[in-house]
Amino acid sequence: HTRVAEMQGLERLPEPTKDLIFPVIVARPWPNALALARCWERIEAAFGSRRYGLTLDPFKRHSGSGRPAAGEFDSLFDPADGHAAYYAQVQELAFAVPVLQLVSGEIADLAAQVRHIDTIDRGAILRVEFGNCLNPVQLVSRVRAVLPEVVVWLDLGWTKDLILREVWAS
């Protein structure tokens with residue numbers, strides 16, 4: 001997440017360690033920022049000129065904040081034309097790799113999203129999130145049929161019941 005603690009932690013990692021990792025960052029507006037660009041600046045300050053996956057934090061959507069950053073952020077969730085606004089933002093960020101956008105656990109307008117991914121030409125990530133996807137096997141199969149080299153990220157979240165999550169992931 002682009003929370004202050006996570007970005008400070010990423011920033012404090014030794015440079016050789018940063019060279020070895022590929023974080024997938026769940027973006028949200030930077031606290032008290034007027035513009036969403038502050039979030040992108042913080043990611044770059046923390047991680048430098050290295051590739052990272054970039055997706056959006058759905059829990060910060062419609063935050064009710066009157067700041068322009070919140071409105072800019074909300075606009076990235078617009079599913080029109082295969083989430084064109086999100087992919088346009090990713091394309092502007094030199095080191096961001098897009099994460100396929102799901103709506104209620106399903107891929108919205110996969111063909112349009114694939115066109116955006118091909119235009120950006122940095123690869124793609126499929127985030128399969130526990131509790132947000134009813135049939136992960138079908139979802140992965142559908143995406144791999146059109147993006148055979150997609151990175152699949154199984155996001156099991158936080159829990160005390162590790163066995164349930166392990167069964168779901170397997």
Side-chain angles (χ1 to χ4, degrees), residues 1-79 82-103 107-108 113-114 116-133 143 147 149-160 162 165 169:
H1 287 86
T2 52
R3 288 180 251 188
V4 175
E6 280 88 345
M7 290 295 100
Q8 286 177 345
L10 189 58
E11 189 169 25
R12 291 177 181 159
L13 287 174
E15 295 300 314
T17 301
K18 291 181 191 180
D19 292 339
L20 296 173
I21 65 173
F22 179 81
V24 179
I25 297 173
V26 182
R28 57 173 53 181
W30 193 253
N32 301 316
L34 293 178
L36 190 56
R38 183 73 178 121
C39 175
W40 317 136
E41 292 165 5
R42 287 298 300 140
I43 293 169
E44 186 175 328
F47 204 57
S49 301
R50 297 173 184 86
R51 298 257 184 209
Y52 59 89
L54 181 70
T55 192
L56 305 172
D57 185 347
F59 297 107
K60 289 297 180 178
R61 184 178 185 192
H62 302 305
S63 68
S65 167
R67 296 183 182 276
E72 291 174 62
F73 182 70
D74 289 349
S75 74
L76 299 179
F77 287 89
D78 184 354
H83 292 269
Y86 162 77
Y87 287 102
Q89 180 62 70
V90 169
Q91 189 165 15
E92 287 181 26
L93 303 168
F95 302 102
V97 175
V99 176
L100 285 154
Q101 298 300 293
L102 279 66
V103 176
I107 293 284
Q113 289 197 54
V114 169
H116 297 306
I117 288 165
D118 288 344
T119 299
I120 295 169
D121 195 26
R122 296 183 204 143
I125 300 165
L126 171 62
R127 179 184 188 188
V128 182
E129 190 175 8
F130 180 85
N132 191 31
C133 181
V143 170
L147 290 169
E149 295 187 18
V150 69
V151 172
V152 177
W153 168 29
L154 290 179
D155 185 350
L156 301 180
W158 296 100
T159 185
K160 291 181 181 179
L162 296 176
R165 302 293 170 99

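Count residues from 1 along the sequence.
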By side chain to side chain donor-acceptor pair (under 3.5 Å), which residues pair with Glu15, not counting sequence neighbours? Lys18, Arg50
Quick one: are Leu126 and Leu102 in side-chain contact, heavy atoms under 4.5 Å? yes
Sequence neighbours excluded, the answer for side chain to side chain contact (heavy atoms under 4.5 Å, CB included) partners of Glu72 is Ala35, Leu36, Pro68
Ignoring hydrogens and geometry, is there a side-chain-to-backbone donor-acceptor pair from Gln101 to Gly82 under 3.5 Å? no
Can you find a heavy atom in the side chain of Asn32 that is under 4.5 Å from one in the side chain of Arg67? yes
Pairing residues for Glu11 by the salt bridge (Lys or Arg N to Asp or Glu O under 4.0 Å) criterion, not counting sequence neighbours: Arg42
Report the distance from atom OH of Tyr86 to atom CD of Gln113, rounding to the nearest 0.5 Å. 8.5 Å
Shortest non-hydrogen contact between Val103 and Ala108, atoms and distance: CG2-CB, 3.8 Å
May I have all residue pairs that pass side-chain hydrogen bond (donor to acceptor under 3.5 Å, both in side chains) and include part of residues 149-158, sequence neighbours excluded? Arg127-Asp155
All heavy atoms of Ala124 vs all of Val150, minimum pair found to be O-CG2, 3.5 Å
Using side-chain heavy atoms (C-beta onward) and a distance below 4.5 Å, is Leu56 in contact with Arg61? no
ring-ring contact (aromatic ring centres under 6.0 Å, His included) partners for Phe95, two or more places apart: none
Set of residues satisfying side chain to side chain donor-acceptor pair (under 3.5 Å) with respect to Tyr52, sequence neighbours excluded: none
Measure the spacing between CG of Leu10 and CD1 of Ile21 and express it to the nearest 0.5 Å. 5.5 Å
Counting neighbours of CD on Glu129 that are heavy atoms of other residues, nucleotides or ligands and sit closer than 6.0 Å, is the number greater than 12? yes
Side chain to side chain contact (heavy atoms under 4.5 Å, CB included) between Ile43 and Leu93: does it pass, once the steps are laid out? CA-CA 10 Å; Ile43 293 169; Leu93 303 168; over 6 Å; no
Might you point out which heavy atoms bring Leu54 and Ala27 nearest each other, and give the distance in Å? CD1-CB, 3.7 Å
Give the C-alpha distance, both sets of side-chain angles, the deciding distance and a yes or no for side chain to side chain contact (heavy atoms under 4.5 Å, CB included) between Ile25 and Glu6. CA-CA 9 Å; Ile25 297 173; Glu6 280 88 345; over 6 Å; no
Minimum heavy-atom distance between Thr17 and Leu13, given as atom pair plus value: CG2-CD2, 4.2 Å
Just how far is it from atom CH2 of Trp40 to atom CH2 of Trp30, taken to the nearest 0.5 Å? 12.0 Å
Shortest non-hydrogen pair, Ala33 vs Ala69, comes out as O-CB, 3.5 Å
Which distance, rounded to the nearest 0.5 Å, do you find between the CZ of Arg28 and the CZ of Arg3? 4.5 Å
Please name all residues satisfying side chain to side chain contact (heavy atoms under 4.5 Å, CB included) with Val151, sequence neighbours left out, ordered by chain then number. Ile125
Working to the nearest 0.5 angstrom, can you tell me the gap between Leu76 CG and Tyr87 OH? 12.0 Å
Can you list every pair that meets salt bridge (Lys or Arg N to Asp or Glu O under 4.0 Å) and has a residue in residues 29-38, with sequence neighbours left out? Arg38-Glu41
Just jot down the side chain to side chain contact (heavy atoms under 4.5 Å, CB included) partners of Arg122, sequence neighbours excluded, or say none. Arg51, Val90, Ala96, Val97, Ile120
When you look at Val99 and Val26, which way does the side chain to side chain contact (heavy atoms under 4.5 Å, CB included) test go after all the steps? CA-CA 10 Å; Val99 176; Val26 182; over 6 Å; no
Holding to side chain to side chain contact (heavy atoms under 4.5 Å, CB included), I want the full list of residues that pass it with Ala88, two or more places apart in sequence or in another chain. none
Sequence neighbours excluded, the answer for ring-ring contact (aromatic ring centres under 6.0 Å, His included) partners of Phe77 is Phe73
Determine the minimum heavy-atom distance between Pro29 and Ala70, stating which atoms define it. CG-CA, 4.4 Å
